[in-house]
K.L.:
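Provided herewith is a single structure, encoded as structure tokens, for subsequent inquiry.
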Number of protein chains: 2
Amino acid sequence: MSVPAPARRGGQPDKRRAIAQAARLVFGREGYARAGVDVIAAEAGVSKRTIYNHYADKEQLFLSVALEGADAVTDAVRVLMERHLRKIVDLEEDLTAFCLDRAQAVTEFPEHFALVRSIHAEVTRLPATVLEKWRAHGPPSAHQRLAPYLQRIADRGLLVLDDAERAANRLNTLTMNDVLIRSFYGALPLPEPTVRDIVTDGVRDFLRLYAPPKAPPQSREPS
Amino acid sequence: MSVPAPARRGGQPDKRRAIAQAARLVFGREGYARAGVDVIAAEAGVSKRTIYNHYADKEQLFLSVALEGADAVTDAVRVLMERHLRKIVDLEEDLTAFCLDRAQAVTEFPEHFALVRSIHAEVTRLPATVLEKWRAHGPPSAHQRLAPYLQRIADRGLLVLDDAERAANRLNTLTMNDVLIRSFYGALPLPEPTVRDIVTDGVRDFLRLYAPPKAPPQSREPS
DNA sequence: GTCTATATATGGATAGAC
DNA sequence: GTCTATCCATATATAGAC
């Protein structure tokens, strides 16, 4: 499943992107099995044969698009981390804002999460090598990138961490997972207030688990 | 989607169950779209026409089987609650045992969770009325049944609950959800030690959130 | 590389006898 | 109600001209 290099020689590389985008749309809307290569070709404005010139078959096209989409989401989350977790002013507020934005990313990439649902449905039929790549592009990598941010926060004394990666996973569990499951992985987006409640509660409990024993708000009047 | 009453007049009601079982197997193995009514008929040992005599179409067959399967899982979980949570001897141990058994139910009903994955993939194409029924038969009902058990435990002073149903959801979030997501809803079962780690950690954190402030182990020597 | 046209297969649903 | 045989639509993939 290594992403094949776009054909350069004389061909229009735009077409390949047009195909990928159309495939993402149609696969997301119809699911893998129902999606017709015909429809994808029409949506992309190319011939069916052109698709088969760029991709070996329907399955390769699907997997290629799925992995690209996962990377796009991953990049978006990376941006959110930098925005909310680089400089902490109020830990609870910043974590909440981060998780809220992260949760809303689910509804901002609807085509991709439709692909995620299709992959879940097909997962028992996918080759092991493909699944490994899928795992590598997915949530686990997100945890690995979140952990250093939490570690930096802990180094400033705002959290007490035994294991930064485990804590990253906990934050995810307490906020994202509920949103994912209850929204059917974004298929039926939850009302914004509901998401806010879930995330707020999750962050609060996360801090109850990981906040320092008694946060002395740097009282300016020592005994 | 009301489950239609089996035809009695002269027909063999066994056939219907054979069809349902075969459908559960084939839908679980192939997914909704790939599953052929032909194959289901062969697996059930009946003719294709017989299936269409019992069920309006493929979709009705699928949904009927899915809801029945959800009820079966629900009943199994109900049994586990009675076994582990009716009489508490050691709260942490009992909760852990319950959640472990509950998590392993995912791998004990592989066909059903394969159906769950298919439903996720199809969820945007399902009628709203069907989705409501699906939700009603699924996890939310499990929370509602778990809550009273937690409430009884709290009444004995072993937990401090603000809202029993919220706590039930928390226990679920901290144990089941990770298992579900990381195993791709049971498609790639996690190693038993991994499940044990997840559940053990989850219950420990649950108790850190909901245990009474300082559990006095009824010390026999007051000041 | 791209297009039109087509081969080939499959699957949902039905007709009609028993 | 159940079976055998079949219709018809659809979909993947390919052939061959430009």
Side-chain angles (χ1 to χ4, degrees), chain A residues 3-66 118 121-122 125-126, chain B residues 3-66 115 118 121-122 125-127:
Chain A
V3 180
R8 296 288 181 192
R9 195 177 301 259
Q12 293 157 303
D14 303 337
K15 299 265 178 173
R16 190 187 175 87
R17 288 184 38 205
I19 293 171
Q21 187 166 352
R24 177 157 39 247
L25 187 76
V26 176
F27 278 131
R29 197 176 51 212
E30 317 263 357
Y32 175 77
R34 305 175 109 107
V37 181
D38 259 334
V39 180
I40 296 174
E43 178 72 34
V46 297
S47 157
K48 214 185 339 183
R49 190 68 182 87
T50 305
I51 292 183
Y52 284 100
N53 284 340
H54 283 279
Y55 298 90
D57 55 17
K58 186 184 177 185
E59 184 172 333
Q60 291 292 313
L61 173 58
F62 176 78
L63 294 175
S64 174
V65 167
S118 289
E122 303 284 332
R125 279 174 295 282
L126 293 176
Chain B
V3 180
R8 295 287 179 194
R9 193 176 303 257
Q12 292 158 304
D14 304 337
K15 300 266 176 173
R16 191 188 173 87
R17 285 184 39 204
I19 293 171
Q21 188 166 352
R24 180 157 37 246
L25 187 76
V26 176
F27 277 132
R29 198 174 52 210
E30 317 263 357
Y32 174 78
R34 304 175 109 105
V37 181
D38 259 333
V39 179
I40 295 174
E43 178 73 32
V46 298
S47 157
K48 215 183 342 182
R49 191 67 181 87
T50 305
I51 292 182
Y52 284 101
N53 283 340
H54 284 278
Y55 299 89
D57 55 16
K58 186 184 177 186
E59 183 172 335
Q60 291 292 313
L61 173 58
F62 176 78
L63 294 174
S64 174
V65 168
L115 290 187
S118 289
E122 303 283 333
R125 280 173 295 281
L126 293 176

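These numbers come from the heavy atoms of this one structure, side chains and all, not from hydrogens, waters or symmetry mates. Naming convention: chains lettered A, B, ... in sequence-line order (proteins, then strands); numbering from 1 in each chain.
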K.L.:
Just to be sure I understand the geometry, which residues of residues 20-47 of chain B put a non-hydrogen atom under 4.0 Å away from DNA chain D?
P.N.:
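Listed by number, they are B/V46, B/S47.
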K.L.:
Counting side-chain heavy atoms from C-beta on, which of D/dT12, C/dA13, D/dC3 comes nearest to B/K15?
P.N.:
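Minimum distance to the B/K15 side chain belongs to D/dC3.
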K.L.:
May I have the distance from B/K58 (atom NZ) to C/dT14 (atom P), rounded to whole angstrom?
P.N.:
15 Å
K.L.:
Would you indicate, yes or no, if C/dT2 has its OP1 or OP2 atom less than 4.0 angstrom from a side-chain nitrogen or oxygen of A/H54?
P.N.:
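So the side chain of A/H54 is within the cut-off, an N or O lying under 4.0 Å from OP1 or OP2 of C/dT2.
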K.L.:
Of all heavy-atom pairs between A/S118 and A/G31, which one has the smallest distance, and what is that distance?
P.N.:
OG-CA, 3.5 Å
K.L.:
Quickly work out the B/N53 CG to D/dT4 C1' distance and round it to whole Å.
P.N.:
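About 14 Å, once rounded to whole Å.
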K.L.:
Can you check the B/I51 CD1 to C/dT14 P distance for me, whole Å?
P.N.:
14 Å
K.L.:
What is the distance from NZ of A/K48 to C1' of D/dA15, rounded to the nearest Å?
P.N.:
13 Å
K.L.:
For the OG atom of B/S64 and the NE2 atom of B/H54, what is their distance to the nearest 0.5 Å?
P.N.:
11.5 Å
K.L.:
Calculate, to the nearest 0.5 Å, the distance between atoms NZ and CZ belonging to B/K58 and B/F27 respectively.
P.N.:
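One gets 6.0 Å once the value is rounded to the nearest 0.5 Å.
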K.L.:
Whole Å only: how far is the OH atom of B/Y55 from the P atom of D/dG1?
P.N.:
13 Å
K.L.:
Would you mind listing every side-chain hydrogen bond (donor to acceptor under 3.5 Å, both in side chains) that reaches into residues 20-32 of chain B, with sequence neighbours excluded?
P.N.:
none
K.L.:
Please state how far atom CZ in A/R49 lies from atom P in D/dA17, giving the value in whole angstrom units.
P.N.:
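Answer to the nearest Å: 14 Å.
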K.L.:
Grab the CD-C1' distance between A/E59 and D/dA13 for me, whole Å please.
P.N.:
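Taking atom C1' of D/dA13 as the reference, CD of A/E59 is at 15 Å.
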K.L.:
How long is the gap from CZ on B/R34 to CZ on A/R125, to the nearest 0.5 Å?
P.N.:
5.0 Å
K.L.:
Considering only heavy atoms from C-beta outward, does the side chain of A/L61 approach that of A/V37 to under 4.5 Å?
P.N.:
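Not in contact.
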K.L.:
In whole angstrom, what separates B/Y52's OH from C/dG16's P?
P.N.:
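So the OH-P distance, B/Y52 to C/dG16, works out to 18 Å.
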